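Only one structure is covered here, and it is reproduced in the block below.
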There are 2 protein chains.
Amino acid sequence: MPDIKHFDPDAVLETVVRLFWRQGVAGTGIQDVVTATGLNRSSLYATFGGKQDLYGAALRRYIDQWSRPAFRSLAQDQRGLRAVAEFFDGLIAVRCAGEHARWGCLVVNAHTGAENGDPEVRDLLEQHHRELRDALHAALVAAEAQGQLASGTDPGAAAEVLALLAYGVNLRSRAGADAKALHATVATALQSLASPTVA
Amino acid sequence: MPDIKHFDPDAVLETVVRLFWRQGVAGTGIQDVVTATGLNRSSLYATFGGKQDLYGAALRRYIDQWSRPAFRSLAQDQRGLRAVAEFFDGLIAVRCAGEHARWGCLVVNAHTGAENGDPEVRDLLEQHHRELRDALHAALVAAEAQGQLASGTDPGAAAEVLALLAYGVNLRSRAGADAKALHATVATALQSLASPTVA
DNA sequence: ACTAACTTGGAATGACCGTTTCAAGATAGC
DNA sequence: GCTATCTTGAAACGGTCATTCCAAGTTAGT
C-alpha cells in the first residue's frame, strides 16, 4: 500500500556519522546533512526524527562500526601485551593518517559537547567506556596468565589506566599530535606494566 | 579627554571563562555573555573584538589562572612522585567536586570543537601540552634523583604518559566519572612507574 | 483504474546567530 | 563651558538555525 523509501537509511547514516565526526555536532547543520546525503528535509525528519535523535543514531552506529569491532578483536586476542600494543597501533593509525586523520574519536568528542546532557548520549558514553575497559582487561588477564605483567600489577586497574590513555591519544590526535610521539608514549606505558624479564 | 570604561575587563573575562568552560563555545551565544556580564554589546565588541577573539582571550586567561599555577607548583615540588600524586589529587578535586564539577578542562574541551581550527587556539593547545609535560618531567626528574623510579624508567617518556592520563581524567570527569575511581586509576599509573622498593 | 498509505520536493516558519550602526551620554583637558 | 574622544544603550542587520507544513508524486493492494 504505502510508498517505499527511495534511499538507504543505513547509507545515509554512514554519511551523517562522517559529518558529525569531522565537524562536530554544533558545527554540522541540518542543511549540511541535506546537502551531503542528497535527500530531503522531509525524508530526514520522517526517518530519523530531529537533530538530537539523528546524532544519537550516528553515535550508536559509530560505536557499532568502529569501537566495538576493535574491542572485540582486542578481547579475543590471547597474546597479552602484544594484543594491547596492536590495539593502540591501529588506533593511532586511524587517528593520525588516512581519511580520518585529525578527526579524533566521535565518542571522545561527545564528552565535551553540550550534547552530553542527553541521557541517551550519556548512556552511550558510559557503555563505551565499560566496553573499552573490559576489552583491555581481558587482554591484560591473558598477559598476566603468560607472566607478561610485572608482579603486583592488577589487570583491572591497569585496564582503566590504559583506557584513559586511549582517550588521551584520541583527544590529542584531533589537535594534530604526532603519530611517532604517540607510539612512543604508548610503548612507555606498556613497558611500565610489563614484567622486567620482557624486553 | 576620553570617557573611561565603566566596567572591569578582567572581571568580565572571568565571567566569560566560566560560560565557555561550562557550556562550551558553540553553546554560548553573545547574548549569554551580555546577560551574564551585564555589559552592552558595543562595549563587548569594542573591548574584546568578536567571539573568536573573546574565546582566545578566555582560553589564555584560563591557562594563566588555572593551568599554569598548578604546573608551576608541580614543577617546583621536589618530593618526586608525591608531588605528582598531589597534582592529580588537586586535578580530580576540581573536576569532580565543588562549583566546577563536571565542567572538565577548558583546554581539553577546546581540542574537540571547531574552534581548534583557529591558529591562535592551536598554538595555545600546543603550548599548554608542552608546559604540562615539562612540569611532569621536572617532578619525575626529582623522583628519579631520589631513587623513586623503577630502573629503566625514562622521566621524559613517563611525563608524556602522565600528560595523556591527565587529559583522560579531564575528559571523563566531564561525563561524570567517579572521583574515587579516578584516584585509584592515577594511583595505579604512578605505582607502575615507582621503584619496587617504594610502597 | 481506484484508493489508502506513505514519501518527497520545496517553501515557509519563527527563533537565534554574530555583528554593525548610530545617536546619546560621560569624561578630561583647555 | 566647550570640545575632542571615548563609552554606552538600543535597535537593526542579514544570515543561518532546527523544524513544520502541504501539495504533488509514488507505490501496493483491491
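Note that the structure is a prediction, hence the values are computed from the model and not measured. Only heavy atoms go into these numbers, but all of them, side chains included; no hydrogens, no water, no symmetry mates. Order of the sequence lines fixes the chain letters, A, B, ..., with proteins taken first and strands second; residue numbering starts at 1 for each chain.
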May I have the distance from [X] (atom [atom1]) to [N] (atom [atom2]), rounded to whole angstrom?
| X | N | atom1 | atom2 | value |
| --- | --- | --- | --- | --- |
| Asp53(A) | dA18(D) | CG | C1' | 12 Å |
| Leu44(B) | dT20(C) | CG | C1' | 13 Å |
| Gln52(A) | dT19(D) | CD | C1' | 14 Å |
| Lys5(A) | dT27(D) | NZ | C1' | 14 Å |
| Ile30(B) | dA10(D) | CD1 | C1' | 16 Å |
| Ile4(B) | dA28(C) | CD1 | C1' | 9 Å |
| Asp3(B) | dG29(C) | CG | P | 13 Å |
| Asp32(A) | dT19(D) | CG | P | 14 Å |

- Residues Glu144(A) and Gln148(A): side-chain donor-acceptor under 3.5 angstrom: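 There is no such pair (donor and acceptor under 3.5 Å, judged by atom type) between the side chains of Glu144(A) and Gln148(A).
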- Query: Judged by modelled atom types alone, do Asn116(B) and Arg122(B) share a side-chain donor-acceptor pair under 3.5 Å?
  - Reply: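 The answer is no; no qualifying pair exists.
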- Message: Taking the nucleotide of DNA chain D with the nearest heavy atom to each, does Ser42(A) or Val25(A) sit closer to the 5' end?
- Response: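 With Ser42(A) and Val25(A) compared, the 5'-side residue is Val25(A).
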- Would you please confirm or rule out a distance under 4.0 Å between OP1 or OP2 of dT8(C) and any side-chain N or O of Ser43(A)?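 Yes.
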- Message: Tell me if the aromatic rings of Tyr167(A) and Tyr167(B) count as close, with their centers under 6.0 Å from one another.
- Response: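 No.
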- Comparing Thr47(A) and Arg41(A) on DNA chain C - which has the more 5′ nearest nucleotide: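 The 5'-side residue here is Thr47(A).
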- Message: Any heavy-atom pair between the side chains of Arg18(B) and Trp103(B) that's under 4.5 Å?
- Response: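 Trp103(B) reaches Arg18(B) side chain to side chain.
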- Task: Please tell me which of the listed nucleotides, dT20(C), dG9(D), dT7(D), lies nearest to the side chain of Asn40(B)?
- Result: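 Nearest nucleotide to the side chain: dG9(D).
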